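In what follows, a structure is listed as structure tokens, so that the remarks can point back to it.
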Amino acid sequence: MRGACTVMVAALASALAGCSAESAGAISFGAMSHDDHLRCAAQISSYDRLMASGEAERDPQIVSKSLVALMTHLNAYAIPQGIGEPEAFAALNQLRDELLGSVQPGELRAAVVACIEYAEKSGV
């Protein structure tokens, strides 16, 4: 099972390389797959790390909305699948670590802005 999760997370990270706010804007929160929600949660977590470390400029708008958006996406990933909190955070942390090593801050920021907008429009 762990190997399958590793492969899934690696595939998500690979798919992320071509992801942009424009391509992400084509779907709504409700139409997002479980993997899309996990990706958004990991992107938000990644950008929070970059801001905290000073590798990305601190954006007060993102800072004020990131926790709620991250948890909204993480819950949308985990709850419908019956995934428990420890497993959900393990998947988030693994994908976040992969993103931090492969995605540029500017590209990540654009994706985070889109993910926050999805969460805000979700009505959750």
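What you see is a predicted model, and the numbers here were worked out from it, not measured in a lab.
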Notebook entry, point to check: Tell me, do His34 and Leu38 make a side-chain contact under 4.5 Å, heavy atoms counted?
Noted result: no

Next item on the list: Measure the CZ-CZ distance between Phe89 and Arg96 for me, rounded to the nearest 0.5 Å.
Entry: 10.0 Å

Checklist line | Minimal non-hydrogen separation, Ala88 against Ile83, with atom names | finding: N-CG2, 3.6 Å

Check: Heavy-atom distance under 4.5 Å between the side chains of Arg109 and Ile62, does that happen here?
Finding: yes

Next item on the list: Is it possible for you to say whether Met32 and Val68 belong to one hydrophobic cluster, with membership spreading through side-chain heavy-atom contacts below 4.5 Å?
Entry: no

Notebook entry, point to check: Testing Glu117, His73, Lys121 for side-chain contact (heavy atoms from CB on, under 4.5 Å) with Phe29, which one passes?
Noted result: His73

Notebook entry, point to check: In terms of hydrophobic clusters joined by side-chain contacts under 4.5 Å, are Val113 and Met71 together?
Noted result: yes

Note to self: Please say yes or no: joined through hydrophobic side-chain contacts below 4.5 Å, possibly via intermediate residues, are Leu95 and Ile79 part of one cluster?
What the structure shows: no

Check: Roughly how far, to the nearest 0.5 Å, is CG of Leu92 from SG of Cys40?
Finding: 11.5 Å

Notebook entry, point to check: Can you tell which of Leu70, Asp97, Leu100 makes a side-chain contact (heavy atoms from CB on, under 4.5 Å) with Ser45?
Noted result: Leu70

Next item on the list: Output the distance between atom CG (Asn75) and atom CD (Glu85), rounded to the nearest 0.5 Å.
Entry: 9.0 Å

Margin query: Within the structure provided, determine whether Ser122 and Glu120 are in side-chain contact (heavy-atom separation under 4.5 Å).
Written below: no

Check: To the nearest 0.5 Å, what is the distance between OG1 (Thr72) and NZ (Lys65)?
Finding: 12.5 Å

Item checked: Within-4.5 Å side-chain heavy-atom neighbours: Ser33 and Asp36 -> yes

Checklist line | CD on Gln43 to CG on Asp48, rounded to 0.5 Å | finding: 12.0 Å

Next item on the list: Measure the OH-CD distance between Tyr47 and Glu55 for me, rounded to the nearest 0.5 Å.
Entry: 11.0 Å

